[in-house]
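Source: prediction; values computed, not measured. These values consider heavy atoms only, across backbone and side chains, with no hydrogens, waters or symmetry-generated copies. Position 1 is the first residue of the sequence; numbering continues from there.
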Amino acid sequence: MKIFKYISISLIVLATSIASAQIKFEAKVSKKRLGVNERLRVDFEMNKDGDNFNPPSFNNFMVVGGPNQSVSNSWINGKRSFSKTYSYFLAPKRQGTFTIQQATIEIDGETYKTTPVTVTVTKAVDKPKDGNNADYIASENIHLVAEISNTNPYLNEAITVVYKLYVSPNTGVSNWREIDNPKYSDFWSQNIDIKGLKVQNGTYKGEDYRYVVLRKTVLYPQKTGKLDIEPLSLDITVEVPTNRRDIFGSRLVNQVHKTVSAGNRTIKVKPLPETGKPAGFTGAVGEFDFKVITSKSELNASESLQAKVEVSGKGNLKLFELPKINMPSSLEVYEPEHSENVRTNLNGMHGSISDSYTVVPQFKGKYPIPSISFSYFDLKTESYKTVYSDEQVISVLEGPTNTSENQDITSTSGSKQRVVESNNQFAFVKTDPNLMPIKKPRFFRSLGFWSAMFLPLLAIPLAILYRRKKQERDADVFGNKIRKADKLAKKYLSEAKKALGQKEAFYVALEKALHNYLKAKLHIETSDFSKDKIQNLLLEKQVSQATIVEFVSILKNCELARYTPITQVEMEQDYEKAAKTISAIDKQIQ
């Protein structure tokens, strides 16, 4: 019996070992020695499906492709064969000997790990110029080019950068993704929307190619001297045809991962000339018209009119300040409302900007609005130009007369009158003699006495009730988070107002205020933020589409403002827009 027992235990252990040995999870590399300019493929292969696959960190490598997942099922002689593979394409960052650490996966409740793999990265190798080599064919037939309209512009003159991907007729591209995006830190920049990628025919170095325009960007340099335009880099899956054909006669293709870059470009920015620069020049560069328009020329006192200072044309419309209007001191003038109607295309910004002043006269009379000037640098003539507005007169037809000047004249030219005393003069009767009673009331049984007796007793249930409410409030973790977020939103909105004029501090505080406001109203964490999710949640709360678009545009302004020059007026507009939008959401939210 004992022998039979030992045999049973041995069989169970052996069966378990065999079952465990049947599960395989291993890492395979395409090569263990490669040049720094070559690519490495890593496959994590298993013979049984699992969950929670975790790849290693791939230190010292850049992931240029993957994870690509492939599954294979086959039946041979009635036996099922299964294989699942996660593939990564890596580009080494430097030379050396590196270890690809373990990957993990859960299969049938057990965690399996791969064995670490060591690879050696050597100096760059010469890729064979073999017409049958897919890597060589891809490198010779795919090119990314940055075309710059002007490499020697003036300060604040518009230039364009157009990125084109050239593909030869005998190759194809099945997929691409951006690796490095240029930041344009020394430029005001705006991308031009491209609706669909249109394949066009062209030439590259005298040879016929097809190309697509991937990106169009308008730049306004904000510094003089040599400025670098960072390169755009792409990881592209290139389809290279082979000499082999499938059973239907179609030519087979090899897919090769290729990294292409537009290269670093340098432009030399010329400063604006100092000779002839007007005193009131604020940096306007382009071709502009200037005018001052009033909505009324005649009105009554206490009525209002609008005086608009407007610049229109083509140039850096968002990057300079408008001149201030001069009004007589007898007119009450309010802070201007800034508005922009500017569109941007490959020729730069064009449209109009304006400051609209609300003017309210108080007295009857005629009030002249003197002419004001606006100066800009004309790129065609490469000289400064100054334009003047027309002088205008506002006639206030009805209202009180301003006699302050007459009173001043009378008081200075007239003689002093002697004050004549009269015997019938009396002093004012005092209505508050401040008399105090001689006999003071007793405290015993007075209102103060009974209050001192019973108020402490009444305070006991109030204290108990307060304590219970406080405990309930402390236990409400979710509610406390919402209230804290609401307080933080108000705090950061207040900080943003104090930081007006300081771009970085202002937009950081404004963005925090908007985020905490959403946390309080939509009950979502900061990690969940995305513009699409915000739009969907606000729509569910019955917020109007216009208000949602306004809120999302403010968030975009906060992101873009860190890389673009912003004026005091634009910051004030963003603050007012944020306050109004928050107020509108509060009124609409369900």
Side-chain angles (χ1 to χ4, degrees), residues 278-284 288-313 317-342 351-376 385-414 416-417 497-498 500-501 550 566-581 583-584:
F281 179 71
T282 59
F288 302 106
D289 292 323
F290 174 66
K291 56 186 174 181
V292 176
I293 310 168
T294 56
S295 60
K296 301 175 184 178
S297 59
E298 295 182 349
L299 71 164
N300 297 327
S302 298
E303 294 180 351
S304 65
L305 63 88
Q306 299 296 318
K308 181 189 288 187
V309 179
E310 182 181 77
V311 171
S312 60
L317 286 163
K318 295 184 179 181
L319 303 176
F320 61 83
E321 294 184 1
L322 291 169
K324 303 297 182 183
I325 196 169
N326 296 320
M327 289 285 188
S329 59
S330 300
L331 300 177
E332 187 174 358
V333 183
Y334 294 89
E335 284 295 319
E337 180 181 351
H338 186 78
S339 62
E340 297 178 351
N341 181 20
V342 180
S352 64
I353 60 173
S354 63
D355 282 343
S356 184
Y357 296 81
T358 299
V359 182
V360 181
Q362 301 297 322
F363 303 102
K364 180 179 179 181
K366 291 185 178 292
Y367 301 94
I369 300 178
S371 173
I372 58 175
S373 63
F374 170 71
S375 301
Y376 66 93
K385 291 186 177 180
T386 302
V387 289
Y388 297 87
S389 64
D390 297 330
E391 184 174 340
Q392 303 182 50
V393 177
I394 299 175
S395 299
V396 182
L397 304 178
E398 295 182 6
T401 303
N402 187 358
T403 59
S404 59
E405 295 181 359
N406 295 334
Q407 290 174 352
D408 291 340
I409 295 171
T410 304
S411 62
T412 55
S413 60
K416 295 182 180 179
Q417 288 186 330
K497 187 173 183 180
K498 294 177 182 176
L500 279 169
E550 195 74 13
I566 298 295
T567 64
Q568 173 80 14
V569 174
E570 289 175 306
M571 282 189 273
E572 292 175 356
Q573 286 180 338
D574 283 339
Y575 177 81
E576 293 297 332
K577 190 186 297 182
K580 289 179 181 178
T581 306
S583 176

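- Contact between V309 and P323 at its shortest, heavy atoms only, is CG1-O, 3.9 Å.
- With sequence neighbours excluded, the residues that form a ring pair (Phe, Tyr, Trp, His ring centres under 6.0 Å) with F374 are F290, F320.
- You'll find the side chain of I372 reaches within 4.5 Å of the side chain of V292, heavy atoms only.
- With values rounded to the nearest 0.5 angstrom, S329 atom OG is found 8.0 Å from L331 atom CG.
- Looking at residues two or more places apart in sequence or on another chain, you find no side-chain hydrogen bond (donor to acceptor under 3.5 Å, both in side chains) involving E337.
- Residues satisfying the side-chain contact (heavy atoms from CB on, under 4.5 Å) test with K324, not counting sequence neighbours, are Y357.
- Across all non-hydrogen atoms, the minimal contact from I369 to N326 is CG2-O, 3.9 Å.
- A 4.5 Å side-chain heavy-atom check between L317 and F288 finds at least one atom pair inside the cut-off.
- Of all heavy-atom pairs between A301 and V396, the closest is N-CG1, 3.5 Å.
- E550 contributes atom CD, which lies 5.0 Å from atom NZ of K577 (distance to the nearest 0.5 angstrom).
- Residue pairs satisfying the side-chain hydrogen bond (donor to acceptor under 3.5 Å, both in side chains) criterion with at least one member in residues 296-305, sequence neighbours excluded, are absent.
- The CG atom of L322 sits 11.5 Å away from atom NZ of K308, with the distance rounded to the nearest 0.5 Å.
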Side chain to side chain contact (heavy atoms under 4.5 Å, CB included) assessment of T358 paired with V333: CA-CA 6 Å; T358 299; V333 183; over 6 Å; no
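- Listed by chain and number, the residues in a salt bridge (Lys or Arg N to Asp or Glu O under 4.0 Å) with K385 are D378 (sequence neighbours excluded).
- Note on residues 390-400: no pairs pass salt bridge (Lys or Arg N to Asp or Glu O under 4.0 Å), not counting sequence neighbours.
- At distances below 3.5 Å, not a single donor-acceptor pair connects side-chain atoms of S389 with backbone N or O atoms of S371.
- Residues passing the side-chain hydrogen bond (donor to acceptor under 3.5 Å, both in side chains) test with S354, sequence neighbours excluded: S339.
- Residues satisfying the ring pair (Phe, Tyr, Trp, His ring centres under 6.0 Å) criterion with Y334, sequence neighbours excluded, are absent altogether.
- A 4.5 Å side-chain heavy-atom check between V342 and I353 finds at least one atom pair inside the cut-off.
- In this structure, the side chains of L305 and I394 come closer than 4.5 Å at one or more pairs of heavy atoms.
- Side chains of S375 and T386: a donor on one and an acceptor on the other come within 3.5 Å.
- Applying the side-chain contact (heavy atoms from CB on, under 4.5 Å) rule to K364 yields no partners; only residues at least two apart in sequence or on another chain are considered.
- At distances below 3.5 Å, at least one donor-acceptor pair connects side-chain atoms of Q573 with backbone N or O atoms of H338.
- In terms of the salt bridge (Lys or Arg N to Asp or Glu O under 4.0 Å) criterion, residue partners of K291 (sequence neighbours excluded) are, by chain and number, E310.
- Here S356 pairs with Q306 under the side-chain contact (heavy atoms from CB on, under 4.5 Å) rule; sequence neighbours left out.
- Considering only residues two or more places apart in sequence or on other chains, E321 meets the side-chain contact (heavy atoms from CB on, under 4.5 Å) condition with none of them.
- In this structure, the side chains of V359 and M327 come closer than 4.5 Å at one or more pairs of heavy atoms.
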